[in-house]
Trainee: 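Here it is: the structure, laid out below.
Numbering starts at 1 and runs along the sequence shown. Computed over heavy atoms, backbone and side chain alike; hydrogens, waters and symmetry mates excluded.
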Amino acid sequence: MCGMPSADSTRASVHEPEPVRPTKEDEVAAAGSELIGGPLGRRALLGASWWTPVRVIALVAIGMFALGLVQKAPCYNGAWFFGASSQYTHACYSDIPHLYQGRGFADGLVPYFDRLPGDMQYLEYPVLTGVFMEVASWLTPGSGTIQYQEQWYWMVNAGMLMVCASVIAVCVTRTHARRPWDGLLVALAPAAALTATINWDLLAVALTAAAMLMWSRGRSLAFGVLLGLATAAKLYPFLLLGPLLVLCWRAGKWRDFAKALGGGIIAWVVVNGPVMLFAFEGWSKFYTFSQERGVDFGSFWLIMAQNSDNPLGTEIVNTLATLLMLVCCAGVAALALTAPRRPRFAQLAFLIVAAFILTNKVYSPQYVLWLVPLAALARPKWRDYLIWQACEVAYFLGIWMYLAYTTSGDAHKGLPTDGYHWAIGMHLLGTLYLCVMVVRDIFMPDRDPVRRSGEDDPSGGVLDGAQDVFVLGPAARPRQHEGARFDGPPVEWGKQGASDGSL
């Protein structure tokens, strides 16, 4: 009996950390909470009710997704099928119903294997997205008018994408254990609700969010497998391996990076291998189309092209965009290796994907979905997040009004070219603004909403609290944080003891 711990010591050892309440540390969250009765009280029984943060946020995400479906109602009831510009004037366009027939699903053609009639000879989407589209076509009735089938196809896809949206919200909620309410940033994102059913991007975003959750739990192989599957659905998720490489380099976690890389390669090959082997021409269409595609909507390249008498050719733009992206990659790597404290994984993941979006030759409005979960993890500050979201909503409206203008003939209903350029500028400036805030947090960790509570990198998995083994520049010398001006308590960087719940 002498060896048994006392009741007091037992309580201390099993004490669970108190979740961070955004309404306590974020003035915008506190003000917004007045709509539902005010900030959460200190004595609220968070774990004693069915209404846990995960369940609340999942339901909010489903509710916002449903509002996005309602916003598409004018198109569902006719604008997709009648009138060239009405789907733009109502801002309810979606690729999904149009591609049901346009990519051969209505005729039972097999993606990648069967040649399509028209200019697009094969499906121009990655394999896992093609599988998603094909499964939805199996669940769509094959009888009735083509309009009836396309309406069903959109609804089936919407149901499947709603599951993806819920997975994203839940994964973000659970990634930062002490900050579950940050998931509301994802669930309430207006730009996400508006763009969720334009295309199939939510599949890759959901797999990427699940991969981030696995990495935060120290499951490197599972992270790699999920990231490989995400890359098999959309190209951008593989970019996360770059920040992970330099962070593992700085922390000496080569074994975990190797497991993640190996799992990603294997998962990607398992999905792509059979199609690559038996239908290479169809499989490669996504990559050749991406290379051959000219300057398109949403990019600063389009502003340059439409204001030039001699616009750059596609090959030159491809080269310049690649060089700009490589410069951004070098900048992120330098940031990771020279920052006073090793950046959080979510911060660099957000920066590298944002750099790809900013330098790319096309920006479709649904690409904002790529950044939504990463932004919530990288900079969980409501003011900055809502500023960025407002800019993306402005772009969402701008592109449809511009298309309404270009398709309405002499009526010129909508937004002219100069106005659309301003909408593009809003998107670019909003994304750049959030990038600047994240970079500032990296150089001045006292201002990082996540690290202010004493945590190091709650989404970093094996990187959380790890010691540096390779650092460049001033960070290689003993760290001094006196230069970071911040009126608040000092932060103990990377102390694992911060998990005891004390603020």
Side-chain angles (χ1 to χ4, degrees), residues 16-22 25-26 29 46 52-58 60-61 164-189 192 202 204-227 229-230 237 239-241 243-244 247-248 253 256 260 263 342-353 369-382 385 434 438 441 448-466 494 496 498-499 501:
E16 292 293 330
E18 179 186 356
V20 174
R21 297 192 296 272
E25 64 172 29
D26 192 308
L46 295 174
T52 62
V54 170
R55 289 169 178 165
V56 170
I57 290 168
V60 171
C164 294
S166 302
V167 168
I168 295 165
V170 169
C171 287
V172 172
T173 301
R174 299 185 65 187
T175 296
H176 287 176
R178 288 194 60 208
R179 304 184 59 91
W181 293 109
D182 289 343
L184 279 176
L185 292 164
V186 174
L188 290 172
L202 277 179
V205 178
L207 290 167
T208 303
M212 293 288 290
L213 175 61
M214 290 298 100
W215 182 263
S216 72
R217 302 297 174 85
R219 300 176 63 178
S220 307
L221 182 60
F223 164 83
V225 169
L226 287 167
L227 197 70
L229 293 176
L239 294 170
L240 271 63
L241 290 173
L244 193 64
L247 290 174
C248 289
K253 300 295 183 179
D256 291 281
R342 185 174 59 251
R344 294 188 290 110
F345 178 35
Q347 291 174 319
L348 295 191
F350 170 81
L351 290 176
I352 200 69
V353 176
L369 297 168
W370 305 357
L371 288 178
V372 164
L374 298 177
L377 295 172
R379 176 69 178 168
K381 188 74 172 177
W382 279 90
Y385 190 86
L434 203 54
V438 171
D441 287 346
D448 183 354
V450 175
R451 282 182 162 163
R452 285 178 59 180
S453 62
E455 294 186 282
D456 179 33
D457 187 2
S459 63
V462 296
L463 300 170
D464 187 23
Q496 295 289 351
S499 63

Trainee: With the side chain counted from C-beta on, respond yes when Val450 and Pro380 share a heavy-atom pair under 4.5 Å apart, and no when they do not.
Mentor: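 A side-chain contact exists here, since the closest heavy-atom pair is under 4.5 Å.
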Trainee: Please give me the minimum heavy-atom distance between Ser216 and Leu213, naming the atom from each residue.
Mentor: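 Shortest heavy-atom separation between Ser216 and Leu213 comes out as OG-O, 2.6 Å.
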Trainee: Might you point out which heavy atoms bring Leu221 and Gly263 nearest each other, and give the distance in Å?
Mentor: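 Smallest heavy-atom distance, with atoms named: CD1-CA, 3.8 Å.
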Trainee: Is a side-chain donor or acceptor of Arg344 paired with a backbone partner of Pro458 at a separation under 3.5 angstrom?
Mentor: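 Side chain of Arg344 to backbone of Pro458: no pair is present.
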Trainee: Roughly how far, to the nearest 0.5 Å, is CG of Leu227 from CG of Leu239?
Mentor: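 So the CG of Leu239 and the CG of Leu227 are separated by 9.5 Å.
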Trainee: Any side-chain heavy atom of Arg342 within less than 4.5 Å of one from Asp456?
Mentor: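 Yes. Closest side-chain heavy atoms under 4.5 Å.
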Trainee: Which heavy atom in Tyr385 sits nearest to a heavy atom in Ala189, and how many Å separate them?
Mentor: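 Looks like OH-CB, 3.6 Å.
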Trainee: Apply side chain to side chain contact (heavy atoms under 4.5 Å, CB included) to Leu240 and Met212, showing your working.
Mentor: CA-CA 10 Å; Leu240 271 63; Met212 293 288 290; 3.7 Å; yes
Trainee: Using a 3.5 Å distance criterion without hydrogens, assess whether the side chain of Asp457 forms a donor-acceptor pair with backbone atoms of Phe345.
Mentor: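 Yes, Asp457 side chain to Phe345 backbone: donor-acceptor pair under 3.5 Å.
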Trainee: Measure the spacing between OG of Ser459 and CG of Asp464 and express it to the nearest 0.5 Å.
Mentor: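 Spacing of OG (Ser459) from CG (Asp464) equals 8.5 Å.
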Trainee: May I ask you to test the Asp182-Leu377 pair for a side-chain heavy-atom distance under 4.5 Å?
Mentor: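 Asp182 vs Leu377: side chains apart.
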Trainee: Side-chain contact test, heavy atoms from C-beta onward, threshold under 4.5 Å: evaluate it for Trp181 versus Val56 and give yes or no.
Mentor: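 Answer yes - side chains close enough.
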Trainee: What is the distance from atom CG of Leu202 to atom CH2 of Trp370, rounded to the nearest 0.5 Å?
Mentor: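 So the gap between those two atoms works out to 12.5 Å.
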Trainee: Restricting to non-hydrogen atoms, name the atom on Val172 and the atom on Gly183 that form the minimum distance, rounded to 0.1 Å.
Mentor: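 Answer, listing the atom of Val172 first, then Gly183: CG1-CA, 4.1 Å.
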Trainee: Got a second to check how far Leu374's CG is from Leu434's CG, nearest 0.5 Å?
Mentor: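 CG of Leu434 is found 10.5 Å from CG of Leu374.
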Trainee: So do Pro237 and Leu229 actually touch side chain to side chain, heavy atoms under 4.5 Å?
Mentor: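 Leu229 vs Pro237: side chains apart.
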Trainee: Looking only at heavy atoms, what is the nearest atom pair of Lys381 and Pro449, with distance?
Mentor: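 Result for this residue pair: CB-CG, 4.3 Å.
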Trainee: Take Leu184 and Trp382, measure what side chain to side chain contact (heavy atoms under 4.5 Å, CB included) needs, and give me the verdict at the end.
Mentor: CA-CA 10 Å; Leu184 279 176; Trp382 279 90; 3.9 Å; yes
Trainee: Roughly how far apart are Asp256 CG and Leu244 CG, rounded to 0.5 Å?
Mentor: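 The distance works out to 9.0 Å.
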Trainee: Judged by atom type as modelled, is there a donor-acceptor pair below 3.5 Å linking the side chain of Trp215 to the main-chain atoms of Ser220?
Mentor: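 It does not hold such a pair.
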Trainee: Any side-chain heavy atom of Gln347 within less than 4.5 Å of one from Asp448?
Mentor: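 Yes - at least one pair of side-chain heavy atoms lies under 4.5 Å apart.
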Trainee: In Å and rounded to the nearest 0.5 Å, what is the CD1 to OG1 distance from Ile57 to Thr173?
Mentor: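 Separation between the atoms: 3.5 Å.
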Trainee: Give the minimum heavy-atom separation between Ala210 and Cys171, together with the two atoms involved.
Mentor: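 Looks like CA-SG, 3.6 Å.
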Trainee: Report the C-alpha distance between Val372 and Val205 in whole Å, list the side-chain angles of each, state the deciding distance to 0.1 Å, and finish with yes or no for side chain to side chain contact (heavy atoms under 4.5 Å, CB included).
Mentor: CA-CA 9 Å; Val372 164; Val205 178; over 6 Å; no
